[in-house]
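One structure is given below, encoded as structure tokens.
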Amino acid sequence: MKKNVRKNLRALLSERLSPEEVKQVYKSYDIIGDIAVIRVPASLEKHSQIVAEAIMEIHKHVKSVWKQTTPVSGDFRLRGLKLVAGEERTETVYREFGCVFKVDIKRCYFSPRLSYERMRIARLVSPGEVVVNMFAGVGCYSILIAKHSQVQKVYSIDINPAAFEYMKENIRINRVDDKVVPILGDAGKVIDERLKWVADRVLMPLPERAYEFLEHALKTLREPGEKTVHYYDFEHAKKNEDPVEKVKIKVSQKLQTLGIRLETLSGRIVRETGPNWYQVALDIKVTG
Ligand SMILES: C[S@@+](CC[C@H](N)C(=O)[O-])C[C@H]1O[C@@H](n2cnc3c(N)ncnc32)[C@H](O)[C@@H]1O
């Protein structure tokens, strides 16, 4: 969210709420296509509609504003949503780096905040590579890779039937049917049953559980040569700690126990997810 947009929201709200209340309004909110998702502190609950209407005034294309009522949770990584203003609709079309993603934000995971990270990965893919995306959602990483690299194939797995249906539609809309293969199922099982030793690169964008699936990720890589695992995790770090280093230690220890030769390990903070909590991305290069 741009700084001047945040400022506009606060300026607009200061005409309608007390200075104390304006201070409590969360600075960031998500715009996904023509839908906005806000979080409102309990103390401002009764003013939710005022906040929602101000957002619709600033972002003229926004047709409905939903309030997030629960954290993202469960296997499908969904959040509770309650309509605050505008149309009662959760399906929308979102655009990112020349790709179009249709999504129902109530039935599928979706975050516009990962846009930079998705494109960063797409830019790393070399011509002719085979990629396995273990937790593909509605297909954002897979489709961006297909559009912005000369990848040979992206096997794109998700366990949520609704996300799988949208993924299929997004593959068709973006005309990448020849490159992206949508697969419905549990990534671990799918790899064991049909995707062993096929990939040059594997993506694990499920930070809550990627660690559990590391062995499966390694099984999908083909030999010989250097291969890449894009691993995601959430990590807590105090002021004097580095969350990336903490994840590096955890992952390299696990790889050691699995007998994997680690070539390089680089990482970055994708975003802050709460006080002292970070989403971390590791690019892991392994051989043999
Ligand atoms: C955090 S979302 C990431 C979605 C997508 N990569 C994106 O950037 O929008 C994680 C996804 O993993 C899926 N998922 C959870 N457990 C899974 C499993 N065992 N196998 C395959 N997909 C799974 C969820 O349904 C969800 O869509």
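In each ligand, atom 1 is the first atom listed, and ligand 1 is the first ligand listed.
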Ionic contact status for K250 with D233, cut-off 4.0 Å: yes
Which protein N or O atoms sit under 3.5 Å from any N or O of ligand 1? Give each pair with its distance.
residue: ligand 1; atom: 6 (N); partner: F135; partner atom: O; Å: 2.9
residue: ligand 1; atom: 8 (O); partner: R118; partner atom: NH1; Å: 3.1
residue: ligand 1; atom: 19 (N); partner: D186; partner atom: OD1; Å: 2.7
residue: ligand 1; atom: 20 (N); partner: A187; partner atom: N; Å: 2.8
residue: ligand 1; atom: 22 (N); partner: I159; partner atom: N; Å: 3.2
residue: ligand 1; atom: 25 (O); partner: D158; partner atom: OD1; Å: 2.7
residue: ligand 1; atom: 27 (O); partner: D158; partner atom: OD1; Å: 3.4
residue: ligand 1; atom: 27 (O); partner: D158; partner atom: OD2; Å: 2.7

Salt-bridge present (R261, E263; N to O < 4.0 Å): yes
Ion pair check, R77 and E208, cut-off under 4.0 Å: yes
Polar side chain donor-acceptor pair, H61 to D34, under 3.5 angstrom: no
Salt bridge flag under 4.0 Å for residues D177 and R172: no
Cationic N near anionic O, under 4.0 Å, E87 to R89: yes
